[in-house]
Every structure is written in structure tokens, then in C-alpha cells.
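Here is the naming used below: chain letters follow the sequence lines, and residue numbers restart at 1 for every chain.
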2 protein chains.
Amino acid sequence: MRRPGTKRTTAPVRRRNATATRAAILTSARQAFARAGYDGVGVREIAKGAGVTAMLVNRYFGSKEQLFGEVVADIMARPIILTERTLNSPQGGEEMAAALVDLTSAEGQALDGFRIMLHSASSPRAAEIGRGQIEAHYHKMLTAALRGDHAPQRAALLLAFVAGFQVMRQMVGLSALAECPPKVLVEVLAPLFQQLWTGESRLSRPHQRRRAPL
Amino acid sequence: MRRPGTKRTTAPVRRRNATATRAAILTSARQAFARAGYDGVGVREIAKGAGVTAMLVNRYFGSKEQLFGEVVADIMARPIILTERTLNSPQGGEEMAAALVDLTSAEGQALDGFRIMLHSASSPRAAEIGRGQIEAHYHKMLTAALRGDHAPQRAALLLAFVAGFQVMRQMVGLSALAECPPKVLVEVLAPLFQQLWTGESRLSRPHQRRRAPL
DNA sequence: GGCAAAAGTCTACGAGTGTAGAATTATGAG
DNA sequence: CTCATAATTCTACACTCGTAGACTTTTGCC
């Protein structure tokens, strides 16, 4: 079925290559999980996307669950919104908001990490894997970067807002968010994120906030 | 197997009653969908929760999808967080925050509506049903209640934050949110919600915000 | 008490799932 | 060219899913 044609150029079909095949499966799995979640996609479909048969998936990754774990770990390993620069910036909140709006405007796979998580939250096992990764990467980094009271809670709320925004804009597709010019969204979101970032809330009535003795 | 015993007192097992059985199935389905999402639960499981067999579910509701539609419509018909009082209050944002924290602290079925939506977002069909209900009920009401610029966007963001908070606290189970005293969460959340509610952002640098003429 | 109709259950089917083990094919070294 | 071996596929199994049709049990009415 596959005729030789050109002999040494980059082959149109992948020649037998374990690492390349593994990578292809991983990519296909990431896209598939992002689209339909852990339960919504079958191993055969993932394999088809990588140009192999279903059994090879299990041969390389052991099981569907382990494959999912590798996909999540792989995608969360490289920070997207939380870059080194943002984490050390005093305006980190505003930068987060801008990046979030930007990344949810395009159709790229940039935020696949959260999307996979959200789409797979129905599977208890997948949710557990996701929580571990989120706490280990995003939440830990964010908490360390924040100053002031309740840093862990504020970090978690920042992540929650990222998730909620993505849910409503990309998954549910609320028209007020999906069909809104990015500029407006940033304008509204930035002060909120920045407020969580700095921990200052000069708005409502004064609380009895006891500052840490330090 | 069931001996008569007392003859006319309220029977321990439900006697044959179509409306009661229908209601029982609906309740069981709501709980099941909230726990595991549309794909995560089977008709047999829902039926078991109602004390009937799987076939009766389809007999009453036609199909699993129609059952899901009825559950979502039923649960979104009655407002939970967005009560009449909150919608007309100047401190609506703070009240929303308090109600949200309160409702995600208990294990009640109060916020099942959103939970079902979030857990079922992986099924395209279920997500579509959910979007329609959210836009028709929550978003419409909220937008009408808000004053100031970008009311639809702010309403959508309020909903997004509710969803994100619930995702991270109940589904992912981020420990910083799940194991945090409610008082602290309200303290941090209230100013944010209130800021979205009023549309004023006194924090960051002054924008060129043009107010509506009026 | 008898009986039609409602209420509910039993059995089964076809499709889809994840995955284990055997069989097959291409690859690279001698 | 030869051939061991890694890379890949084929076949099959046990399971769950949603649901259709036939069957059995209870209920209210005369």
C-alpha cells in the first residue's frame, strides 16, 4: 500500500519509530481530551488521530488512565498564563487578565490544560489527577508569588476565575463573553484580577482584618 | 416478599403511584447527574436510586436525554442564589458572595443546577441544553439587575466566577478553598463580587471610561 | 369477586468500551 | 541475504450502555 517513491526525504507516512509514535499519540490524546473530556473519547479514537491502532496506545502508556495522567502532566509542566515575568510583576493580576482573554480568544491549544481538566471533571479519577497537578504546579507557584493575607485562598480564587471564565466563554459559550471584543473584557477583568493579586480591597465597608504579626 | 402487616397506614414501600414514581426518578436523576455528569451515570443507576428498574425511566421520560432536559429545566426554574431580594439590593454582589460560599459549604443539592452543567459540559448535547437554560434564566435576570457599563459582560463574569468557584471548591477540591473557613472566603470574595455588581473599579489606573449619557 | 387497565419488571439485543495475548510486519545489524 | 527483534496489528473477551418488546403484578371500578 505504501510505495517507496522518494527514498530518503522526510517520509509522508511515519516510518516505524517508537519515540515519534509515542509523541503522536500524546498529541492526539491531548486534542481529543480537550475536545470531549476523559470519558467522552475512546482509545480507538485517540489512536486513529495518531495514525495507529488502539492497542499501541496501551502498549506505550499502559492504560487509558495512565495516558491521561501523562497528558495532563505534560501540558501543565510548561506554564502558559503564569510566566516567570508575570509572577514577579507588581501588575501580575492585570497581565493575567490580559493573557487569559487573549488565550481564550484564539482557537489554539494554549489553554488545553484547564480545558481538559474541566471537561474531565466528571470522572472522579480524572478529577483527582487534575487536582494533584493543579496544586503541584499552578497553585503552588501562584501562592508563592502573592504577598499579603490569605495568599493560598487568593491564589485559588485566581485559578477559579480563570477556570470559570474559560468555562463560560469556551465551553458553555455565553454570548456576552464569546462575542465580546477582547478589549472590553480586559477592561472589566483586569481590576478584579489585580485586586486579588495585591490583596487590597479598598471598596466595601472596612472589615476587622487583623494583619499577620510578621 | 412484602407482607401486609398494617393495612391502611402509610406504606413503607411506595405503592403504585405514577406521579410519585416520576418525581422520585427526577430527584434521583438530579442527584446522580450532579454527582457524575450526564455521561458519568447510567440509567440503571438512576433507576436504582428511585427504587425502580431502568426501563421505567424510559417509560416515563422517553429517553435519557429527555430526562436530562427535564432535570435541568426543573432545577433552573427556581432561583437559588439570585433571589428577588438580592437582585434589587445595592449590595447584591456581597450577598451573592455570601450565598455562594454558604451553598458550596454544605452538601445540599442547592447548587445542583450549576454542578450538573459543569459536570456535563463534556457532552456537546448536554452543554447546549445547559447554555440555553443559563442564558434564559440566570444571565437575563442578572443583566437586567445590573446598572452601568457593560452590564451583560459583568453579568456573565459574575456567573463565570460562580462557576469557577464551584469547580475549584467542589469538583476539583482545591484544598485552599475546600478546607478554608467560610468566613475567610466571604471576606475575600465579597469585594470582588460587589465591584462587578456596581461596575465601579476604584483600584487601578484611571481608564477612559465614558459613562452612558442618560 | 372479577377484570380491564395501569404500573412495573424481565429478557435480550446491538453497539461501544478498555484491554490482554497471539500473530504479523518492518527494521537494522551480521 | 539472513534473521533476531522491536514495532505494530489482529482477534477476541468481558463488560456496560441505552433501549425495545413481551411479560407479570397491582389497582380501582362494577
Side-chain angles (χ1 to χ4, degrees), chain A residues 1-5 7-8 10-26 28-29 32-33 36-71 120 122-126 129, chain B residues 1-5 7-8 10-26 28-29 32-33 36-71 120 122-123 125-126:
Chain A
M1 204 61 86
R2 160 157 65 97
R3 56 172 176 73
K7 201 181 291 184
R8 266 311 189 109
T10 53
V13 296
R14 181 177 54 251
R15 300 178 54 189
R16 293 199 164 183
N17 181 335
T19 54
T21 300
R22 220 187 108 101
I25 294 175
L26 215 56
S28 171
F33 284 144
Y38 181 77
D39 283 330
V41 72
V43 185
R44 288 168 175 83
E45 187 179 346
I46 293 174
K48 192 184 217 174
V52 297
T53 49
M55 288 63 231
L56 211 58
V57 174
N58 274 14
R59 195 152 196 82
Y60 278 126
F61 295 91
S63 70
K64 184 188 179 186
E65 186 175 305
Q66 288 178 261
L67 168 63
F68 182 81
E70 285 214 33
V71 167
S120 306
S122 53
S123 298
R125 190 76 193 88
I129 293 174
Chain B
M1 202 62 86
R2 159 158 66 97
R3 57 173 177 73
K7 200 181 294 183
R8 267 310 190 108
T10 54
V13 297
R14 180 177 57 249
R15 302 178 52 190
R16 293 200 164 183
N17 181 334
T19 54
T21 301
R22 222 188 107 100
I25 293 175
L26 215 56
S28 171
F33 284 143
Y38 182 77
D39 283 331
V41 71
V43 185
R44 288 170 175 82
E45 188 179 343
I46 293 174
K48 193 183 214 175
V52 297
T53 50
M55 289 62 230
L56 212 58
V57 174
N58 274 14
R59 195 160 194 81
Y60 277 126
F61 295 91
S63 70
K64 185 188 179 186
E65 187 175 304
Q66 290 178 258
L67 170 62
F68 182 80
E70 285 214 33
V71 167
S120 305
S122 52
S123 298
R125 190 78 192 88

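A pairwise comparison of heavy atoms in B:Val57 and B:Ala47 identifies CG2-CB, 3.8 Å as the closest pair.
With values rounded to the nearest 0.5 angstrom, B:Asn58 atom CG is found 10.5 Å from B:Lys64 atom NZ.
Within the 3.5 Å criterion, the main-chain N or O of B:Ala24 finds no donor-acceptor partner in the side chain of B:Ser28.
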- Message: Determine whether B:Leu26 and B:Phe61 satisfy the following criterion, side-chain contact (heavy atoms from CB on, under 4.5 Å), listing intermediate values before the conclusion.
- Response: CA-CA 9 Å; B:Leu26 215 56; B:Phe61 295 91; 3.5 Å; yes

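Each of C:dG8, D:dT8, D:dT19 was ranked by its minimum atom distance to the side chain of B:Ser63; first place goes to D:dT19. Side-chain atoms of A:Tyr60 lie closest to D:dT8 of the nucleotides C:dA6, D:dT8, C:dT9. Comparing D:dT8, D:dT19, C:dA20 by their nearest atom to the side chain of A:Met55 picks out C:dA20. Taking the side chain of B:Thr53 as heavy atoms from C-beta on, and the options C:dA6, C:dT9, D:dT9, the nearest nucleotide is C:dT9.
Residues from residues 37-45 of chain B with heavy atoms under 4.0 angstrom of DNA chain D, sorted by number: B:Val41, B:Gly42, B:Val43, B:Arg44.
In this structure, A:Phe68 and A:Phe33 have perpendicular ring planes: the angle between them is above 60°, well past the 30° mark.
For the pair B:Ile46 and B:Leu67, the minimum side-chain heavy-atom distance is below 4.5 Å.
B:Thr21 has a side-chain polar atom (N or O) that falls below the 4.0 Å cut-off from OP1 or OP2 of C:dG8.
If you take CZ of A:Arg59 and P of D:dT5, they are 15 Å apart, rounded to a whole angstrom.
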